Number of protein chains: 2
Amino acid sequence: MPRKVTLADVSRAAEVGVATVSRALGDHPDVSEATRQRVRAVARSLGYRPSATARALRTGEYRAISVIVPDAGWGWWEPVVRAAFKAAAEVGYYLMAHPVAGTKGGAAAIVEALANVPTDGVIVIGVPDQDGVREACDRIALPAIAIDDTSRTVRFPTISAQNREGARLAVEHLISLGRRSIALLRPNIGVETDNWGDGLFIDHRTLGYRDALDSAGIAFDESLIIDCTDPFNETRKHWRELEAELSTGVRIDAMFCAADTMAAAALRTLRAHGLKVPEDVSIVGFDDERAAILVDPQLTTIRQPYEEMGCYAVELLLRKIQGEHVDIRRYEFVTELVRRSSTDEPERLAKPEAQRNDPKPVGVQQA
Amino acid sequence: MPRKVTLADVSRAAEVGVATVSRALGDHPDVSEATRQRVRAVARSLGYRPSATARALRTGEYRAISVIVPDAGWGWWEPVVRAAFKAAAEVGYYLMAHPVAGTKGGAAAIVEALANVPTDGVIVIGVPDQDGVREACDRIALPAIAIDDTSRTVRFPTISAQNREGARLAVEHLISLGRRSIALLRPNIGVETDNWGDGLFIDHRTLGYRDALDSAGIAFDESLIIDCTDPFNETRKHWRELEAELSTGVRIDAMFCAADTMAAAALRTLRAHGLKVPEDVSIVGFDDERAAILVDPQLTTIRQPYEEMGCYAVELLLRKIQGEHVDIRRYEFVTELVRRSSTDEPERLAKPEAQRNDPKPVGVQQA
DNA sequence: TTGTAAGCGTTATCAG
DNA sequence: CTGATAACGCTTACAA
């Protein structure tokens, strides 16, 4: 391992002062073009790399930001992080990812540990306990942005998707297919799964479901709401609650599945009850997450613009770091319907099912 | 934002020298218990946080390591990173994740950029081009470990799973079920997908497939090997090559799917051809990746011990950082069979299929 | 046991 | 335009 080349080395080799080297390598105006060229050449030939540490110590900024990545929920945040990474890199910041990974104390504890990490700010993803994290951030004076739709109390600029409007899109699509008995499969947020906080997004998606029914003049039927226990455990084969519902003999012709990750088990349960998707039951999910394309049939779903959300988080965070004021409120992103096989038109398919309305065309986007 | 509290502040408040404060806060022996207590109390009350930067500048080590996370292949590396993060944290290191995320120049370029990042070493995951990365690491004198089974040339200590032995396990399991016409569904590594390098792991898994056939005295049938184009694109609904194969009228009663991520489309294709899994065709995958539990039926597969691999990578890297010698060779981890529904015993199922041998019991592990 | 002081590699502020 | 030089906050000889 060759010893590290420092500014002093370059300065000696180029026969100029260290200050000049620093200026030449940076974008300072007060250097003659000739010296700049020469210094740069020497620096390159010596294999000089600036020490980020020394620079950070001097300037007080690390040009690095952190993102705290949640423990549960199977990696929907991955595209968010990739996008954030890219956005940060574009403005010369690098991004560190800190998985929660079962850490005791959750995100707040991680922020606490960030005290020792050279970082200028943090993006917290999926944080139901914004109060705790906020306190930790204040204590170490660390700017923060949240990407989250679980917490009712917003103590950071918080980015999320329009859950209510998205859910409405989903259910309107089902209605446009002529479906009328539309079940809502929801995660049942119990005390044990506190990773999902107040379950705000579930409430909102439920409201969107009702919005769509109301607009179409379809009566809301409480019994069509199915809350599933242990909802984000993907090793589950079936949803007991859905099984119970189907066993009562209720007929459903569509299902809005409030999270894509629940779709795999839902499809298995339907199949086990002899129901075909999309012939007998049309399904729309929510998130446009990896699960949506792995299941069979592939899932029509509501896309959350994860990439945009990641980029915007970085943008807001950098503004905060630069001392600009950023409103503490929710920043919501528009969702869109992505059509796949789980809602192929019933009338085009073999099964001659009851079909009362003409499907009205809706403004959907092809996957 | 309160100005940052430094050692000097604490020293003043506690009425001792800075050196004493430093010693008291660290684990130095040469401090009286009384002063230590007092200093710590003062530090806490002032909200003192050490500056990682200053410390790094002084000591020359960051106590941070990086992991370069691949672009393709749908997040199988996630458990690796989580485990590595945890292992690093346990010894007081923190871990930064650097997604490749379409960066031009791939991992090598990322390593290059690491020159400006405060990190003591790097774990590169899934790097077919070890030569390029090696060169970059040398240039900036950065210790590195690879987790990878795609590259034939090993220029780092390289961690991987026992692909050949794992594949053998998979196929032996199929044979123990009485299956004899066992197709091998493989990724076709073309020039366009250079993320998968030499495709070493595919060769090894193929060898394991043949090992199992040989031991059982089953003739190898070239036509049962199916190479799929664009293999890691999960949006694909079907494998054209598998369709072609089935259309020729060849009868297969089992399939070894050389990567779990390919299973979803394979299942759809089989289903489209009227073949039931596991009644008509038993399937075993490889990786025990998220896809294995999302598909229907859930996939019997070969588990790669991702967590152990992540931990071990950290262990080796820290050794290298501490100047210890670590052999540049492959470090292989044992795999295991995880049984799920895709290989439920055919004879217990409805379909009365041809069945010649008693299934021999094998030492498998329940999921 | 404690304090003083010398750096670590930069950048910024001065004079020249 | 350029060169000394003083920080930045910490650890660690060395001295007391």
Side-chain angles (χ1 to χ4, degrees), chain A residues 1-40 42-43 46-64 92 115-120 140-141, chain B residues 1-40 42-43 46-64 92 115-120 140-141:
Chain A
M1 308 224 177
R3 211 179 52 64
K4 210 161 186 305
V5 180
T6 74
L7 260 196
D9 299 321
V10 180
S11 126
R12 219 167 299 125
E15 298 178 300
V16 288
V18 280
T20 305
V21 177
S22 176
R23 279 187 287 251
L25 262 28
D27 282 331
H28 283 74
D30 295 342
V31 204
S32 74
E33 197 49 35
T35 357
R36 162 164 292 138
Q37 298 298 342
R38 188 158 46 84
V39 169
R40 291 203 165 164
V42 173
L46 257 48
Y48 167 75
R49 310 270 163 180
S51 150
T53 321
R55 182 177 291 164
L57 180 58
R58 179 59 237 228
T59 62
E61 57 165 23
Y62 302 104
R63 298 196 75 79
N116 301 304
V117 171
T119 191
D120 294 321
I140 64 176
Chain B
M1 309 227 176
R3 212 181 50 63
K4 209 158 188 298
V5 180
T6 74
L7 258 198
D9 298 322
V10 179
S11 124
R12 219 168 300 126
E15 298 177 300
V16 288
V18 280
T20 307
V21 177
S22 174
R23 281 188 285 251
L25 262 28
D27 283 330
H28 282 73
D30 294 341
V31 202
S32 76
E33 197 48 35
T35 13
R36 161 165 290 140
Q37 297 298 341
R38 190 157 45 84
V39 169
R40 291 203 163 165
V42 172
L46 256 48
Y48 168 74
R49 309 275 161 177
S51 150
T53 320
R55 181 177 292 163
L57 181 57
R58 178 60 235 235
T59 62
E61 58 166 23
Y62 302 104
R63 297 196 74 79
N116 301 303
V117 171
T119 191
D120 294 320
I140 64 175

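Keep in mind it's a predicted model, so treat the numbers as computed, not measured. Below, read A as the first sequence line, B as the second, and so on, with proteins coming before strands; counting in each chain starts at 1.
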Nearest-nucleotide 5' precedence on DNA chain D, Ala52(B) against Val21(A):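 In this pair, the answer is Val21(A).
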Leu57(A) side, atom CG; Arg55(B) side, atom CZ - distance, nearest 0.5 Å: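 If I round to the nearest 0.5 Å, the distance is 13.0 Å.
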Spacing of CG belonging to Asp120(A) relative to OH belonging to Tyr62(A), to within rounding of 0.5 Å: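 One gets 7.5 Å once the value is rounded to the nearest 0.5 Å.
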Nearest whole Å is fine: how far is [N] [atom2] from [X] [atom1]?
X        : N       : atom1 : atom2 : answer
Asp30(A) : dC14(C) : CG    : P     : 15 Å
Glu15(A) : dG3(D)  : CD    : C1'   : 14 Å
Leu57(B) : dA6(C)  : CG    : P     : 17 Å
Leu25(A) : dG9(C)  : CG    : C1'   : 13 Å
Glu61(B) : dC10(D) : CD    : P     : 16 Å
Arg38(B) : dT1(C)  : CZ    : P     : 15 Å
Glu33(A) : dT2(D)  : CD    : P     : 11 Å
Gln37(A) : dC1(D)  : CD    : P     : 14 Å

Can you name the closest pair of heavy atoms from Val10(B) and Val5(B) and give their distance?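 Taking every non-hydrogen atom into account, CG2-CG1, 4.2 Å.
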Give Arg36(B) one of three labels, base, sugar-phosphate or nothing, depending on what nucleic acid heavy atoms sit under 4.0 Å from its own.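 Nothing, no heavy atom under 4.0 Å.
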Determine the contact category for Thr53(B): base if any of its heavy atoms lies under 4.0 Å from a base atom, sugar-phosphate if only primed atoms, P, OP1 or OP2 are that close, otherwise nothing.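 If one applies the 4.0 Å heavy-atom cut-off, Thr53(B) turns out to touch nothing in the nucleic acid.
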Where the side chain of Arg63(A) meets the backbone of Ala56(A), is there a donor-acceptor pair that is under 3.5 Å apart?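 Checking the backbone N and O of Ala56(A) against the side chain of Arg63(A), no donor-acceptor pair under 3.5 Å is found.
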Do Tyr48(B) and Val21(B) have side chains that get closer than 4.5 Å, going by heavy atoms?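 No; the side chains remain at least 4.5 Å from each other.
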In terms of side-chain heavy atoms of Ser32(A), which of dG9(C), dT2(D), dG9(D) is nearest?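 Nearest to the side-chain atoms of Ser32(A), counting from C-beta on, is dT2(D).
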Taking only residues two or more places apart in sequence or in another chain, which ones pass side-chain contact (heavy atoms from CB on, under 4.5 Å) with Gln37(A)?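 In terms of side-chain contact (heavy atoms from CB on, under 4.5 Å), with neighbours along the sequence ignored, Gln37(A) is linked to Glu33(A).
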Sequence neighbours excluded, which residues qualify as side-chain contact (heavy atoms from CB on, under 4.5 Å) partners of Ala14(B)?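 Ala14(B) satisfies side-chain contact (heavy atoms from CB on, under 4.5 Å) with Val16(B), Arg38(B), Val39(B), Val42(B) once adjacent residues are dropped.
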Please name all residues satisfying side chain to side chain donor-acceptor pair (under 3.5 Å) with Ser32(A), sequence neighbours left out, ordered by chain then number.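 Testing Ser32(A) for side chain to side chain donor-acceptor pair (under 3.5 Å), a comparison that skips the adjacent residues, returns Thr35(A).
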Hey, could you give me each pair passing side-chain hydrogen bond (donor to acceptor under 3.5 Å, both in side chains) that has a residue in residues 10-26 of chain A? Not counting sequence neighbours.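 Qualifying pairs, neighbours excluded: Asp9(A)-Arg12(A).
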Check: protein-nucleotides 11-15 of chain D nitrogen or oxygen pairs below 3.5 Å:
unit_1	atom_1	unit_2	atom_2	d
dT11(D)	OP1	Arg55(B)	NE	2.7
dT11(D)	OP1	Arg55(B)	NH2	3.3
dT11(D)	OP2	Ser22(B)	OG	3.0
dT11(D)	O2	Arg58(B)	NH1	2.3

OP1 or OP2 of dC1(D) under 4.0 Å from side-chain N/O of Thr35(A):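 Indeed not, no polar side-chain atom of Thr35(A) lies that close.
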For the helix from dT1(C)-dA16(D) to dG16(C)-dC1(D), what is the angle between the axes at its two ends, each from 5 pairs, rounded to 10°?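 End-to-end axis angle: 50°.
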